[in-house]
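The structure under discussion appears below in the form of structure tokens.
All heavy atoms count here, side chains included; hydrogens, waters and symmetry mates do not. Residue numbers start at 1 and run along the sequence shown.
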Amino acid sequence: MEARNLPIIFYPSSTPPSRSWSPPLENFVKANFDASFIPHDNRSGTGIIIRNSNGEIMASCVHPNSDILNATFAEALACEQAMLFSCDLGFQRVIVEGDAFNITSKMKNATVDR
């Protein structure tokens with residue numbers, strides 16, 4: 001993925017997602033992402049949906065991915081793809097939410113993790 005130098009604010013979700021979707025604050029969008037991992041083929045799929053504070057779908061997409069090491073890597077890639085998709089569409093204030101809490105919680109940490 002190429003780096004983008006645009007003025008955009010990403011807010012990782014601060015809590016694990018619940019079973020029901022909650023809208024973002026006004027003037028924000030929420031990018032929900034999820035990944036599926038196929039271990040015997042080292043492939044994954046990413047699904048992304050972006051909604052506004054009224055719950056209206058602003059955009060969605062899917063990505064097939066190859067050379068994926070494990071499910072954690074698949075979720076991390078899906079998170080990155082959600083951020084890049086939001087950026088490419090010009091959204092400035094984005095809440096990123098996925099069901100892999102370990103990924104979104106790491107986004108808030110400024111330290112480098114091995």
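A distance of 10.5 Å separates CD1 of Ile57 from CG of Asn32, quoted to the nearest 0.5 Å. Interatomic distance, Arg43 CZ to Ser36 OG, rounded to the nearest 0.5 Å: 9.0 Å.
Closest approach of Ser53 to Pro23, counting heavy atoms only: O-CB, 3.4 Å. Among all heavy-atom pairs drawn from Ala74 and Ala35, the shortest one is O-CB, 3.6 Å. Considering every non-hydrogen atom in both Phe37 and Asn42, the closest pair reads CE1-CA, 4.4 Å. Nearest heavy-atom pair, Asn52 versus Asn54, reported as atom, atom and distance to 0.1 Å: OD1-N, 2.9 Å. Between Gly47 and Val62, the shortest heavy-atom contact is CA-CG1, 4.4 Å. Nearest approach of Ile68 to Ser44, heavy atoms of both residues: CG1-OG, 3.5 Å.
Contact check for Leu77 versus His63: no side-chain heavy atoms found under the 4.5 Å cut-off. Residues Ser22 and Lys30 have side chains in contact (heavy-atom distance under 4.5 Å, counting atoms from C-beta outward). With a 4.5 Å cut-off on side-chain heavy atoms, Val94 and Val29 count as touching.
Residue Asp67 qualifies as open at atom CG: its count of foreign heavy atoms under 6.0 Å is 12 or below.
With Glu75 as reference, Asp99 is the one residue of Asp99, Thr46, Asn70 to meet the side-chain contact (heavy atoms from CB on, under 4.5 Å) rule.
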